[in-house]
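Notes follow the structure.
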There are 2 protein chains.
Amino acid sequence: MPRPREFDESRVLLAIRDEFWDKGYAATSMDDLLRVSGLGKGSLYGAFGDKRSLFLRVLRDYDDANLLALRERQVSAARGIDVVREFVLGLTGDPTGAVARRGCLLANSNAELSASTPDVAAEARRSYDAIATVLTAALERAQSEGDLDPDIDPSETARAALVAQLGLIALGRTGMDIEALAVVAQSALARLLPTPAQ
Amino acid sequence: MPRPREFDESRVLLAIRDEFWDKGYAATSMDDLLRVSGLGKGSLYGAFGDKRSLFLRVLRDYDDANLLALRERQVSAARGIDVVREFVLGLTGDPTGAVARRGCLLANSNAELSASTPDVAAEARRSYDAIATVLTAALERAQSEGDLDPDIDPSETARAALVAQLGLIALGRTGMDIEALAVVAQSALARLLPTPAQ
DNA sequence: CCTATTGTGGCCCATTCGGTCCAGAACTTG
DNA sequence: CAAGTTCTGGACCGAATGGGCCACAATAGG
């Protein structure tokens, strides 16, 4: 009965996500979002509500996608240890450094907004908890596969891996040399995952 | 000959720093800054220039003060290892968690602005480099004092300590339970500074 | 083919933004 | 005490902000 949407919702959300990601929440205007989405005001407000709701929607989608990808890696990876390794080193995979410079939408948003927007802080807690849970499973798997000292606490190490990744994200966002960042990431990883006692 | 300033410059800069710290750069208006500083527009613009210059000034002062405090600790601390310990655990010292929730002005600003404001990214690189240098000296001292395995690379470990602190800052800013954060910080520190081989 | 319903885009608005400017105040020097 | 210089606060500005609104378009059901 109703007239159908003329735009691709997920494409629009990705374009808007990129805009928020590049400029930050406060520095992104509704005009920017209208431009990158190609929609008119009525359409955008009608579909997603105001700027804040739209942002939270985009942030949640982003987190869900990241978490899903991590879970899929945990299922498909040859070894549990590889999941953690890739989690920590991921940022340094792009040799141009663009990925490192961009950082993480959640980390950026949390730094900008957690003090003024409780929803963002809550979203970050939720997301980091879920990540730690998956990493814990990956580390338990690594122990059973003989790739990790059985004496270490997987849950503790998972949190430490999360801290390491967050630190690398923060450091990478300074725009420092990507090769230097890769060296730091390697040494952070080495401290995290000592080879099991023979 | 000139009429003297009627306000205390450093007090005004601290009030403005707090405002930027709590709200972020973009979300802080000049009206906010006039209110917390108690000055009129002519005075504020005359003394510090526009919003951007004022922010960069505040950020540099903040970094300089932090770096100076770290250097002083390196001089006054009983042991080099204590400097690194306090550097990593510092955030968790406040049992109310307010310090952890607030995070670090530089880290917050870098996350919000480094992509759009090269000066902020450059300031972050400069500051983190200087911190790593002081931490390296502290770790070398720790080695000579027998508190750290002589085989480890002090410079590498200094970078890893910086990454750990940045990660803890990011995690603390989510507003998670401060005691849980302290546990994570302890385990991150333990991975960073293994007791020297006996 | 007509009507009901929803999508669409842009016009419009009040508010707030960062920044300029200026008239008068305050102080130092001669 | 007079002159010169800087400081001070607020009036003022044009532009941009987030958001409301509405006339019209397009579709589905009768």
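Chain identifiers are assigned alphabetically (A, B, ...) following the order of the sequence lines, protein sequences preceding nucleic acid strands; residue numbering begins at 1 within each chain. Basis for what follows: all heavy atoms, side chains included, without hydrogens, waters or symmetry-related copies.
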**OP:** Take atom CG of B:Leu44 and atom P of D:dG10, then tell me their distance rounded to the nearest Å.
**Re:** 13 Å

Original post:
Does NZ or CZ of A:Lys51 lie under 6.0 Å from the centre of the six-membered ring of A:Tyr45, at an angle within 45° of the ring axis?
Top reply: no

Original post:
Taking atom C1' of D:dC7 as reference, at what distance in whole Å does atom CZ of B:Phe48 sit?
Top reply: 13 Å

Subject >> Residue A:Tyr45, side-chain heavy atoms: nucleotide from C:dG19, D:dT17, D:dG20 that is nearest >> reply: D:dG20

Original post:
Under 3.5 Å, is there an N or O donor on one side and an acceptor on the other linking the side chain of A:Lys51 and the base of D:dG19?
Top reply: no

Original post:
What integer distance in Å separates B:Phe55:CZ from C:dG19:P?
Top reply: 14 Å

Original post:
Rounded to whole angstroms, how far apart are OH on A:Tyr25 and P on D:dT17?
Top reply: 13 Å

Subject >> Interatomic distance, A:Arg35 CZ vs C:dG9 C1' [rounded to whole Å] >> reply: 17 Å

Subject >> Test item: B:Arg141 side-chain N/O and B:Gln74 main-chain N/O as donor-acceptor pair under 3.5 Å >> reply: yes

Subject >> Selected nucleotide, minimal atom distance to B:Asp31 side chain, candidates D:dG10, D:dG20, C:dC17 >> reply: C:dC17

Original post:
What is the distance from CG of A:Leu39 to P of D:dA25, rounded to the nearest Å?
Top reply: 19 Å

Subject >> Nearest-neighbour nucleotide for the A:Lys41 side chain, C:dT8, C:dG19, D:dG19 considered >> reply: D:dG19

Subject >> Interatomic distance where CD belongs to A:Glu19 and P belongs to D:dG18 [whole Å] >> reply: 12 Å

Subject >> Whether A:Glu123 side chain and A:Pro118 backbone form a donor-acceptor pair below 3.5 Å >> reply: no

Original post:
Can you find a side chain N or O atom of B:Ser43 that sits less than 4.0 Å from OP1 or OP2 on D:dG9?
Top reply: yes

Original post:
Which of parallel (below 30°), tilted (30 to 60°) and perpendicular (above 60°) describes A:Phe48 and A:Phe7?
Top reply: tilted

**OP:** Can you tell me the distance, in whole Å, between the CG atom of B:Asp8 and the C1' atom of D:dC7?
**Re:** 16 Å

Original post:
Hey, does B:Leu34 reach any base, or is it just sugar-phosphate, or nothing, if we go heavy atoms under 4.0 Å?
Top reply: nothing

**OP:** Among C:dC11, C:dT8, D:dT17, find the nucleotide with the atom closest to the side chain of A:Ser29.
**Re:** D:dT17

**OP:** Could you say whether A:Thr28 or B:Gly46 is positioned toward the 5' end of DNA chain D, judged by the nucleotide with the nearest heavy atom to each?
**Re:** B:Gly46

**OP:** Among the candidates C:dG9, C:dC17, C:dG18, find the nucleotide nearest to the side-chain atoms of B:Met30.
**Re:** C:dG18

Original post:
Can you tell me if A:Thr117 uses its side chain to pair, donor with acceptor, with the backbone of A:Ser114 under 3.5 Å?
Top reply: no

